Protein chains: 2
Amino acid sequence: MKLEGLAVNDNKGIQNSIISKIKELINYKNLEPGDKLPSERMLSDKFNVSRSNVRETIQKLEFYGILKSIPQSGTFIANIGAVAINGMVDDILRLEDPDFKSLVETRILLELKTVKLASLRRSEDDLKNIKEALDAYESKALSGEDAVQEDLLFHLAIAKASGNSTINTFMLTITPQIIIDFEKYHVCDKNQAVIGIKEHTEIYEAIKEQNPKLAKQKMKDHFSVLYQYCYKVESV
Amino acid sequence: MKLEGLAVNDNKGIQNSIISKIKELINYKNLEPGDKLPSERMLSDKFNVSRSNVRETIQKLEFYGILKSIPQSGTFIANIGAVAINGMVDDILRLEDPDFKSLVETRILLELKTVKLASLRRSEDDLKNIKEALDAYESKALSGEDAVQEDLLFHLAIAKASGNSTINTFMLTITPQIIIDFEKYHVCDKNQAVIGIKEHTEIYEAIKEQNPKLAKQKMKDHFSVLYQYCYKVESV
DNA sequence: TTTTATAAATTGGTTAACCAAATTATGCGG
DNA sequence: CCGCATAATTTGGTTAACCAATTTATAAAA
């Protein structure tokens with residue numbers, strides 16, 4: 001069997017349920033930041049769910065910085081205040097899956113920044129990596145093949161050169177979904193490859209010459225088509 | 001025991017090691033997008049690690065959209081091309097923990113966008129939520145107490161009103177670490193509370209009147225101190 | 001009473017056995 | 001050789017028992 005579409009694990013409901021119960025527990029027991037949560041066994045028993053589910057949920061809350069597990073010691077509430085805990089947990093519970101428009105909007109925002117930062121901070125190694133990604137994209141695009149991957153890798157190389165690890169992580173996070181959506185909505189089907197090469201090259205040159213203003217403008221031009229497409233697709 | 005500092009799980013090394021081996025396996029066996037990975041048992045056996053570790057690693061790669069687990073069927077490589085897989089996996093392996101400067105830089109970037117979007121898209125409910133957060137912050141700050149949590153919740157309320165779920169998620173992701181760093185570096189210790197109330201109120205008013213340009217400017221003013229502080233702390 | 005050494009209990013992490021669903025292999029009938 | 005029902009196998013997920021480190025309780029010694 002080959003995987004065609006994308007399936008989503010439906011354990012989100014269980015996790016959210018457990019998150020709610022943990023929140024109730026914290027409020028009911030008046031647990032303060034830094035306090036220890038009941039053990040995983042007690043929680044799974046009290047909530048009537050498997051300990052695996054409890055562990056997964058705790059790991060999720062760890063990702064958002066709400067909890068912190070210490071081996072052989074316990075799970076602790078982060079030192080960020082009860083008010084913030086409640087507010088953030090509510091936000092986490094209400095989080096919805098990102099739509100295409102929100103993804104593209106965010107990508108454009110991030111990349112107009114990374115290209116500026118890369119122009120200012122890029123090392124020689126960074127420049128070499130970007131050039132390699134550019135060449136790979138060019139040869140693939142000229143051959144007439146689909147070059148979405150090489151396209152995105154060029155942009156990721158710029159993100160890496162920005163020297164901002166947070167933005168770099170975020171770019172990595174949204175890239176796969178963007179690739180999938182691109183192919184789903186056939187964003188890059190046209191013969192925009194040749195245009196793309198020119199635009200990519202201009203961006204690269206601006207970064208090379210450490211001209212952040214020009215680099216941002218070239219990136220903006222590069223995104224102009226995508227921008228329109230994004231708001232067109234929205235209604236789909 | 002109360003948790004004071006922050007400890008980091010050192011299972012990152014094991015995970016990265018497994019990620020590398022999975023990457024090698026994909027390349028060695030010439031697995032294509034959509035193909036099925038060997039079962040968790042075979043991987044844990046071949047890599048000589050526990051199946052739990054394999055599962056955790058697979059979940060991490062699932063988060064980045066590289067893999068996809070289907071119950072009772074197998075783990076599949078996402079449909080995003082072998083080139084992109086290799087490039088992204090390399091990036092994931094090289095990812096470093098976010099530093100304070102990178103966090104603040106990203107936060108400012110995101111919030112200058114959310115405040116603009118919130119001005120354009122906020123519903124009446126959104127406005128009410130922001131107002132509530134503002135009032136909570138005001139009363140806490142006026143009492144002379146530490147109001148970092150209420151401060152951040154105000155900003156999160158704006159992020160929610162932006163209508164961009166991706167940025168909203170990102171804001172939630174970086175907020176806890178920002179709170180911790182703020183208290184660590186004593187960013188908000190001064191009597192900036194009164195100034196903060198004024199600035200927050202101005203931002204709120206601009207959003208209420210749906211004036212994105214003004215809102216962005218007010219947010220920029222609000223961040224001017226933080227901006228300087230960020231680049232000062234960098235050298236610490 | 002305080003201190004310290006020792007044992008019991010608790011903890012998150014790990015391992016292995018088990019489960020139900022999905023896949024694959026098998027073999028019968030045509 | 002093909003079609004199809006059935007059995008055997010494989011799969012990710014779940015459960016429970018186990019482990020080593022930590023914490024707490026206990027009591028002996030000062």
Side-chain angles (χ1 to χ4, degrees), chain A residues 1-19 21-22 25-26 29 31 34-78, chain B residues 1-19 21-22 25-26 29 31 34-78:
Chain A
M1 172 204 176
K2 282 236 182 180
L3 182 62
E4 290 303 329
L6 73 163
V8 176
N9 287 341
D10 59 346
N11 57 352
K12 192 179 173 183
I14 303 174
Q15 282 197 12
N16 275 1
S17 157
I18 297 178
I19 291 178
K21 286 170 180 166
I22 289 179
L25 188 74
I26 291 176
K29 288 204 169 188
L31 296 182
D35 280 352
K36 190 162 72 171
L37 224 60
S39 71
E40 296 177 351
R41 289 170 182 80
M42 291 186 65
L43 290 179
S44 70
D45 187 49
K46 182 186 273 284
F47 298 159
N48 209 30
V49 294
S50 74
R51 199 182 144 200
S52 319
N53 291 139
V54 173
R55 282 178 61 81
E56 283 174 16
T57 306
I58 288 177
Q59 282 170 19
K60 179 171 182 178
L61 291 177
E62 248 184 302
F63 173 78
Y64 284 106
I66 307 284
L67 300 178
K68 181 75 202 159
S69 262
I70 308 275
Q72 282 78 41
S73 181
T75 301
F76 297 84
I77 303 174
Chain B
M1 170 202 175
K2 280 237 185 181
L3 181 64
E4 290 302 332
L6 73 163
V8 175
N9 288 343
D10 58 348
N11 56 354
K12 192 179 173 183
I14 303 174
Q15 281 197 13
N16 275 1
S17 156
I18 297 178
I19 291 178
K21 285 170 181 166
I22 289 180
L25 188 74
I26 291 177
K29 288 205 168 188
L31 296 181
D35 280 353
K36 190 163 74 172
L37 224 61
S39 71
E40 296 178 351
R41 287 169 183 83
M42 290 186 66
L43 291 179
S44 70
D45 187 48
K46 180 185 276 280
F47 298 160
N48 210 27
V49 294
S50 73
R51 200 182 144 200
S52 319
N53 291 138
V54 173
R55 281 178 61 81
E56 283 173 16
T57 306
I58 288 176
Q59 281 170 21
K60 181 173 182 179
L61 291 178
E62 248 185 300
F63 172 78
Y64 284 106
I66 308 285
L67 300 178
K68 181 74 204 161
S69 263
I70 309 275
Q72 282 78 41
S73 181
T75 301
F76 297 84
I77 303 173

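Source: prediction; values computed, not measured. We name chains A, B, ... by the order of the sequence lines, and we start the count at 1 in each one.
Straight-line distance from the CD atom of Gln59(B) to the C1' atom of dT14(D): 13 Å, rounded to whole Å. The nearest whole Å value for the distance from the CZ atom in Arg55(B) to the C1' atom in dG12(D) is 6 Å. If you take CD1 of Ile70(A) and P of dT23(D), they are 9 Å apart, rounded to a whole angstrom. Whole-Å rounding puts the Lys68(A) NZ to dT11(C) P distance at 19 Å. Look at CD on Glu56(A): it is 16 Å from P on dG12(C), rounded to the nearest Å. As a whole-Å value, the separation of Ile58(A) CD1 from dT11(C) P is 12 Å. If you take NZ of Lys36(A) and C1' of dT23(D), they are 7 Å apart, rounded to a whole angstrom. Spacing between atom CE of Met42(B) and atom P of dT11(D) amounts to 7 Å, rounded to whole angstrom units.
Taking both residues in full, the closest heavy atoms of Ser44(B) and Arg41(B) are given as OG-O, 2.9 Å, listed atom of the first, atom of the second, then distance. Minimum interatomic distance between Ala78(A) and Gly65(A) (heavy atoms only, all atoms of both residues): CB-O, 3.1 Å. For the pair Val54(B) and Ile18(B), the tightest heavy-atom approach, listed with the atom from each and the gap, is N-CD1, 4.2 Å.
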Are there any protein N/O atoms within less than 3.5 Å of an N/O atom in nucleotides 5-7 of chain C, and if so, which ones and at what distance?
none

What pairs of nitrogen or oxygen atoms, one from the protein and one from nucleotides 5-7 of chain D, lie under 3.5 Å apart?
none

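Ile66(B) places none of its side-chain heavy atoms less than 4.5 Å from the side chain of Ile19(B). Using a 4.5 Å cut-off on side-chain heavy atoms (C-beta onward), Leu43(A) and Thr57(A) make no contact.
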Heavy-atom contacts, protein to nucleotides 15-21 of chain C, under 4.0 Å, summarised as B (base), S (sugar-phosphate only) or - (none) per nt, yield B-BB-BB
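Ser17(B) is linked by a side-chain hydrogen bond (donor to acceptor under 3.5 Å, both in side chains) to nothing, counting only residues two or more places apart in sequence or in another chain. Taking the side-chain hydrogen bond (donor to acceptor under 3.5 Å, both in side chains) definition, one finds that Ser39(B) meets it with nothing, sequence neighbours left out.
For Ser73(A) and dT22(D), the shortest distance from a side-chain N or O to OP1 or OP2 is not below 4.0 Å.
How far CD1 of Ile22(A) is from CG of Leu67(A): 6.0 Å, rounded to the nearest 0.5 Å. Distance OH/Tyr64(A) to CD/Gln59(A): 14.0 Å, rounded to 0.5 Å.
Residue pairs meeting the salt bridge (Lys or Arg N to Asp or Glu O under 4.0 Å) criterion with at least one member in residues 44-54 of chain B, sequence neighbours excluded: Glu40(B)-Arg51(B).
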With side-chain contact (heavy atoms from CB on, under 4.5 Å) as the criterion, how do Leu61(B) and Gln15(B) come out once you've worked through the C-alpha distance, each side chain's angles and the decisive distance to 0.1 Å?
CA-CA 10 Å; Leu61(B) 291 178; Gln15(B) 281 197 13; over 6 Å; no
